Structure formats: C-alpha cells, structure tokens
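In each ligand, atom 1 is the first atom listed, and ligand 1 is the first ligand listed. Only a predicted model underlies this, so the values are computations on that prediction, with no experimental measurement involved.
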Amino acid sequence: MKMNVNFSKLTAAGNDFVLIDNRESIIAQEDCQALAKKLCDRKYSVGADGLILLEKSACKDFKMKCFNSDGSYASMCGNGGRSIAKFAYDLGVANLKMVFETDAGVINAEILPEDRVRLDLYDPRDLKENIGIEANGKEFDVDFINTGVPHAVIFVDDIEKIDVFGYGRAVRRHKTFAPAGTNVNFVKVIKDNTLLVRTYERGVEDETLACGTGITASGIISVLKGFAESPVKVIARGGDKLSVSLKNSKDKISNVVLEGPALITFKGTVKINTKRSVKSAK
Ligand SMILES: N[C@@H](CCC[C@H](N)C(=O)O)C(=O)O
C-alpha cells in the first residue's frame with residue numbers, strides 16, 4: 001500500500017539527511033535499505049547522503065537508525081546525530097537536552113544557540129596506529145579508530161590536491177579493512193590547533209562535505225599523535241566549523257564531545273510503499 005509520509009531535510013556541515021519519524025513503525029525494517037536508496041537519489045527524489053529514522057526507545061528519549069545513500073546500514077553517524085537531535089526537538093519528542101540510543105552506544109545531546117548541537121559520545125575503540133598501506137601505487141601511513149563506525153585517518157601535506165576519491169576508495173576497499181571496509185579521512189594540521197578534514201565516506205562511496213564520526217576520529221588521532229590539543233577545531237570540506245574535545249589519560253580516550261552545526265532546510269511529504277497498515281502522515 002502507498003502512503004504519504006512526512007519528512008524533514010537537514011544538513012549538518014553539508015552532510016545532508018532525510019529524517020522520518022518512525023515511532024509508529026510506518027517503515028518496516030525490511031524496507032529501510034530500498035527506501036534509503038530511493039529517497040537519497042539526488043536526481044529522482046529528495047536527495048541526501050543518508051536516511052535517518054527516529055524510532056521508539058524503551059529507556060531513552062528515542063533511538064536513531066541510519067542508512068547510507070547506497071542503502072547500507074550504519075551503526076552511527078555524527079552529523080546525523082546532531083541532525084536527529086534537532087529533528088527530535090522540532091517534533092517535540094525531546095527537550096533541549098536529550099539522551100538517545102544508537103547501535104554504537106548511548107548519546108547525550110544538547111541543542112545550542114545559533115543552530116549548533118553538542119553530542120557527548122561513547123568511548124572510541126579498536127585503535128590501530130601506523131598501518132602501512134599501499135593504495136593506487138602510493139604508500140600511506142594510516143591510523144585507524146572506530147568512533148561508532150570505522151575510520152582510517154591519513155595526514156597529508158597538500159589537502160587541496162590529494163585525490164580523495166581515488167585514494168579514499170582504494171583505502172576503503174583495502175584488504176586490511178575487509179570485510180566491513182572503512183571511511184577514509186585525509187587530514188591537514190594547520191595553525192591555531194585547527195584541522196582541515198576531507199572524508200571519503202563508505203556507503204556514499206564518494207567525498208562528502210563533512211563526516212561527523214570522521215572529524216571526531218581525526219580529532220582524536222591528532223591529539224594522540226601530539227599534533228593538536230583538545231579542544232581541536234576542525235574545518236570541514238564545506239567550510240563549516242566543528243570542534244572535538246576529549247580526555248586522553250594514558251592513551252585511554254574518554255569524554256569525547258563533537259560540537260557543530262545542524263539545520264532544518266525544508267520539510268515535505270513523500271509517497272512511500274509500505275506493507276504495514278499504519279497511521280499515515282497528517
Ligand atoms: N556521515 C556520517 C557517517 C555515516 C556512516 C558512514 N558512512 C559508514 O557507513 O561508516 C557521520 O557524520 O558520521
């Protein structure tokens with residue numbers, strides 16, 4: 001059966017998402033991947049880097065479910081996390097301060113003035129430093145950390161010239177990271193404790209204007225390597241400014257906070273195929 005479903009479109013530092021209130025399970029789990037692919041299509045539909053569903057949680061304000069534009073599931077999304085906080089507040093599902101579940105861990109979020117959102121994240125895991133990787137005939141010194149999803153971090157001299165698509169795609173598919181693959185962040189440390197970060201995103205299979213978990217991974221690795229101090233300032237590819245702060249005690253990373261913009265750009269209604277008989281959008 002076809003039904004009209006309300007959505008909001010949000011952008012968080014240029015990483016853009018379609019958000020749908022799925023507390024009434026209007027979208028069945030088995031339909032999510034195909035729906036993400038469909039709605040994220042920039043030529044034939046709304047267009048976005050991902051689809052994010054707000055779902056019921058037994059113990060927190062809500063649960064976040066994320067899908068990349070190719071339909072693949074993602075256990076976490078940093079820019080999506082700020083977006084869903086804004087969306088939940090706009091829907092009246094949460095107050096300015098809220099707590100929500102993701103499959104990567106529980107997140108405390110706070111809506112700040114001037115369309116900014118703060119996320120208090122769970123601790124990162126699986127740190128691996130200085131992995132030598134050959135990709136497209138070039139040697140890279142790669143650090144790896146999982147900030148909810150997997151991230152490779154590569155420091156480069158020329159962030160403007162680096163072939164993010166070519167090298168990013170090759171590192172993303174490298175056997176070292178199989179079978180899950182990885183997102184790939186190219187980082188340049190500039191003056192004033194600031195990083196420039198460009199990310200090849202798994203699941204979008206291209207460079208995006210920003211990746212929140214990638215910016216977080218880049219901030220953490222920069223602090224661990226002594227290239228920057230917390231709080232680290234980050235300028236995303238689209239020019240937006242974010243910050244990453246953390247506690248690093250004896251290489252145990254905790255208290256990770258990501259702060260940055262999240263904005264509702266428009267709202268609309270889409271016709272969606274669903275197997276469920278449900279309460280439709282108003
Ligand atoms: N854009 C996101 C990350 C989304 C998931 C990622 N593409 C993956 O599948 O690993 C962010 O802002 O963190």
Pair F155 and F186, ring centroids less than 6.0 Å apart: no

Within 6.0 Å of CG in D126, more than 12 heavy atoms from elsewhere: yes

Y89 versus A94, closest heavy-atom pair with distance: CD1-O, 3.4 Å

Neighbour count above 12 (heavy atom, 6.0 Å) for Y44 OH: no

Minimum side-chain heavy-atom gap F266-K9 below 4.5 Å: yes

Residue shell around ligand 1, heavy atom under 4.0 angstrom: N15, N68, A74, M76, C77, G78, N79, V149, N183, E201, R202, C211, G212, T213

Test salt bridge (charged side-chain N to carboxylate O under 4.0 Å, His left out) applied to K252 and D123, step by step: CA-CA 9 Å; K252 161 88 184 111; D123 296 347; 2.9 Å; yes

